[in-house]
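Numbering of ligands and ligand atoms starts at 1, following listing order.
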Amino acid sequence: MVVLSQAVLDHFTPIKTYKSATTTVFTGIPTINLSHPDAGTLLVRACEEFGFFKVVSHGVPLELVNRLEAESMRFFDQPQAEKDRIGPPSPFGYGSKRIGFNGDVGWIEYLLLSTNSDTTVPPRLLSFFQEQPSLRASVDNYVTEVRKLAIEVLKLIEQGLGLTAAAEEGPDVDGPMSGLLRDVKSDSCFRVNHYPPCPDHWEMAVSGRNLVGFGEHTDPQIISVLRSNNTSGLEICLRDGSWVMVPPDHSSFFINVGDTLQVLTNGRFTSVKHRVLPDHSKSRVSMIFFGGPPLDEKIAPVPSLMEEGEESLYNEFTWSQYKKSAYKSRLADYRLGPFEKAPGQ
Ligand SMILES: C=C1C[C@]23C[C@@]1(O)CC[C@H]2[C@@]12CC[C@H](O)[C@@](C)(C(=O)O1)[C@H]2[C@@H]3C(=O)O
Ligand SMILES: O=C(O)CCC(=O)C(=O)O
Ligand SMILES: [Fe+2]
């Protein structure tokens, strides 16, 4: 019999559980080679069918990725008291178990960072990075590259949607989506998640069910660029409502359609629901760049994407308004609900 101490029990109790059903490993995730001549069209199809895809030939040097992963592991390997010095995330900093401000918890610890110099960053986080120049350099170099990748993906999507000409057919201009990320005021953020291994007998002894690493949710921003080590755990919800496991691939990037891109396309793309379940024997480390628009940007469907007579499904709002409302919600809430137009409105 497994005997668990009160401290261990306290650690588990608030964390959400899910029924232990074996999720199928999904081999149908669209994989887009960014140098393919039809990449734009293929990306649009993937956004419509899944709101999720994997990109290869992405141009991000793997050395930068590996360096940040190693630096992050060194950070998470420190004693708890050291890490707690730069927490709790409000919203930026180190967090453990608690996600957001509204009661969500998971089998996770993480660093949540702003990538926008205008944002107020807690002084304890600023001084931490001053003491850790090599972690800071690794984060900066990595974020610069994945931001470029996010812009490139959005530019290809714009071409696939017919919003801009293909690079070889006209001047290289940003369209109405990529321009939002290129903007110096783009309100983006970056997070490194660590899911320690969660031995099966622990979780079963506590609740008879499996624990959740990061509960189901959609990302509020435009797109998210996710990279993980070779540990499985990420699951996405398909359009038929079934959950499938995404096979890990440490040398590629996964892209999520976020709520804002759903609105920009008037629902032609829908944001993907996803969640993470911890592995029983291995640590999972994931690094995610969330590309968002400037705070004062009005978010509404791109006019040239609308058919004649098509109405916006959403009341107009700014990213700042959406973000404020999103940060009052629980992970699993449908955050676009309050912004949808009532029928006939
Ligand atoms: C419960 C929450 C955590 C979150 C803010 C929220 O209130 C709802 C959205 C969550 C999310 C999901 C994607 C990103 O990980 C994140 C940083 C974001 O922008 O929205 C998180 C927020 C968070 O962890 O603070
Ligand atoms: O850690 C992961 O793989 C995904 C986490 C996630 O969805 C998030 O941080 O928003
Ligand atoms: Fe997410």
Side-chain angles (χ1 to χ4, degrees), residues 14-16 29 51-52 54 69 72 76 87-116 119 122 146 186-196 198 212-237 243 245-250 252-262 271-279 282-293 295 319-320 322-338:
I15 299 179
K16 208 169 174 177
I29 305 284
F52 184 83
K54 173 162 114 173
E69 183 183 327
S72 305
F76 290 121
S90 51
F92 304 118
Y94 168 80
S96 168
K97 289 196 290 177
R98 286 176 207 290
I99 301 172
F101 305 104
N102 310 306
D104 287 289
V105 274
W107 186 253
I108 187 176
E109 59 176 342
Y110 58 90
L111 270 173
L112 186 50
L113 307 170
S114 162
T115 65
N116 182 344
T119 320
V146 286
S186 149
D187 178 46
S188 298
C189 61
F190 178 62
R191 116 181 258 157
V192 184
N193 292 328
H194 173 223
Y195 305 88
C198 185
V212 169
F214 204 119
E216 72 174 78
H217 67 283
T218 60
D219 295 344
Q221 294 81 359
I222 303 172
I223 59 171
S224 316
V225 181
L226 181 152
R227 185 269 173 192
S228 77
N229 66 350
N230 247 344
T231 306
S232 59
L234 178 64
E235 298 190 353
I236 60 165
C237 186
W243 284 92
M245 196 190 286
V246 177
D249 178 349
H250 67 292
S252 305
F253 289 88
F254 292 97
I255 312 274
N256 292 346
V257 166
D259 299 341
T260 302
L261 189 51
Q262 174 168 334
S271 52
V272 62
K273 266 202 252 171
H274 55 287
R275 67 184 180 194
V276 178
L277 307 179
D279 191 274
K282 280 161 66 192
S283 267
R284 174 181 169 86
V285 181
S286 56
M287 320 196 278
I288 310 116
F289 171 78
F290 303 92
L295 283 171
W319 168 242
S320 165
Y322 191 63
K323 206 175 146 183
K324 239 180 239 152
S325 155
Y327 274 70
K328 285 189 193 136
S329 67
R330 298 286 302 257
L331 270 182
D333 289 346
Y334 178 53
R335 276 174 279 284
L336 279 173

Option set Ser325, Ser90, Pro220, criterion heavy-atom distance to atom 11 (C) of ligand 1, minimum: Pro220

What I want to know is whether Phe214 and ligand 1 share at least one N or O pair that is separated by under 3.5 angstrom. no

Starting from atom 25 (O) of ligand 1, what is the nearest protein heavy atom, named by residue and atom, and what distance separates them? Tyr327 CE2, 3.5 Å

Can you tell me which residue and heavy atom of the protein come closest to atom 3 (O) of ligand 2, and the distance to 0.1 Å? Arg284 NH2, 2.6 Å

Going by heavy atoms in the side chains, are Ile108 and Ile99 under 4.5 Å from each other? yes

Check ligand 2 against Ser286 and write out every atom of the ligand that is under 4.0 Å from a heavy-atom position of the residue. 1 (O), 2 (C), 3 (O)

Which is the closest N/O/S atom of His217 when seen from the Fe ion (ligand 3)? NE2

Need the ligand 2 atom indices (1-based, order shown) with element for anything under 4.0 Å from a heavy-atom of Asp219. 10 (O)

Polar contact flag for Arg335 and ligand 1 (N/O pairs, less than 3.5 Å): no

Just wondering, do Lys54 and Asp249 contact through their side chains at under 4.5 Å, heavy atoms? yes

Within reach of ligand 1, part of Phe101 (heavy-atom separation under 4.0 Å): neither

Verify atom 4 (C) of ligand 1: protein non-hydrogen atom under 4.0 angstrom away: no

Hey, does the side chain of Ser186 reach the backbone of Gly292 with a donor-acceptor pair shorter than 3.5 angstrom? yes

Give me the nearest non-hydrogen protein atom to atom 13 (C) of ligand 1 as residue plus atom name, then the distance to 0.1 Å. Asp219 OD1, 3.3 Å

Taking the side chain as every heavy atom from C-beta outward, state whether Phe76 and Tyr94 have any atom pair closer than 4.5 Å. yes

Can you list the ligand 2 atoms lying under 4.0 Å from a non-hydrogen atom of Leu226? 2 (C), 3 (O), 4 (C)

Which ligand 2 atoms are under 4.0 Å away from a heavy-atom of Phe290? 8 (C), 9 (O), 10 (O)

Contact between ligand 1 and Ser329 is defined here as a heavy atom of the residue under 4.0 Å from a ligand atom; is it met? yes

Give the atom numbers and elements of ligand 1 that come within less than 4.0 Å of a heavy atom of His217. 12 (C)

Tyr110 near ligand 2, heavy-atom distance under 4.0 Å? no

Are side-chain N/O atoms of Tyr195 and Asp279 paired as donor and acceptor at under 3.5 Å? no

Please determine, by modelled atom types, if Asn230 and His250 share a side-chain donor-acceptor pair under 3.5 angstrom. yes

Salt bridge or not for Asp104 and Arg330, using N-O below 4.0 Å? yes

Please list, in number order, the atoms of ligand 2 under 4.0 Å from a heavy atom of Tyr195. 1 (O), 2 (C), 4 (C), 5 (C)

Among all protein heavy atoms, pick out the one at the shortest distance from atom 5 (C) of ligand 2; state its residue, atom name and that distance to 0.1 Å. Asn193 ND2, 3.3 Å

Counting each atom of ligand 1 from 1 as listed, which ones have a heavy atom of Asn102 under 4.0 Å away? 7 (O)

For Arg284 and Thr231, indicate whether the former's side chain and the latter's backbone hold a donor-acceptor pair under 3.5 Å. yes

Show the numbers, then the answer: is there a side chain to side chain contact (heavy atoms under 4.5 Å, CB included) between His274 and Phe214? CA-CA 9 Å; His274 55 287; Phe214 204 119; over 6 Å; no

Just to the nearest 10 degrees, tell me the angle at the Fe ion (ligand 3) spanned by Asp219 OD1 and His274 NE2. 90°

Could you tell me, atom by atom, which parts of ligand 1 come under 4.0 Å of a heavy atom of Gln221? 18 (C), 19 (O)

Hey, which atoms in ligand 2 end up nearer than 4.0 Å to a heavy atom of His217? 6 (C), 7 (O), 8 (C), 10 (O)

Looking at atom 10 (C) of ligand 1, what's its closest protein heavy atom, distance included? Leu331 CD2, 3.9 Å

Any nitrogen or oxygen of Asp104 lying under 3.5 Å from a nitrogen or oxygen in ligand 1? Just yes or no. no

Just so I know, are the side chains of Arg335 and Thr218 near enough to count as touching, which here means a heavy-atom distance under 4.5 Å? yes

Distance alone, cut at 3.5 Å: any donor-acceptor contact between the side chains of Ser283 and His194? yes

With the side chain counted from C-beta on, respond yes when Ile288 and Asn193 share a heavy-atom pair under 4.5 Å apart, and no when they do not. yes

Give a yes or no on whether the backbone of Ser329 and the side-chain of Asn102 come within a donor-acceptor separation of less than 3.5 Å. yes

For atom 24 (O) of ligand 1, grab the closest protein heavy atom and report residue, atom and distance to one decimal in Å. Arg191 NH1, 2.8 Å

List the closest protein heavy-atom neighbour of atom 2 (C) of ligand 1: residue, atom name, distance to the nearest 0.1 Å. Gly100 CA, 3.9 Å

Quick one: which ligand 1 atoms are inside 4.0 Å of a heavy atom on Ile99? 1 (C), 3 (C), 24 (O)

Both conditions, 6.0 Å and 45 degrees, for the charged tip of Arg227 above the ring of Phe253: are they met here? no

Ligand-residue contact atoms, ligand 1 with Ala326, heavy atoms, under 4.0 Å: 6 (C), 7 (O), 8 (C)

Phe254-Phe52 aromatic ring centre distance below 6.0 Å: yes

Please identify which atoms of ligand 2 are closer than 4.0 Å to at least one heavy atom of Val276. 1 (O), 2 (C), 3 (O), 4 (C)

Is the closest side-chain donor-acceptor distance between Gln262 and Ser271 under 3.5 Å? yes

Minimum-distance pair of heavy atoms, taken over all atoms of Trp107 and Pro278: CD1-CB, 3.6 Å

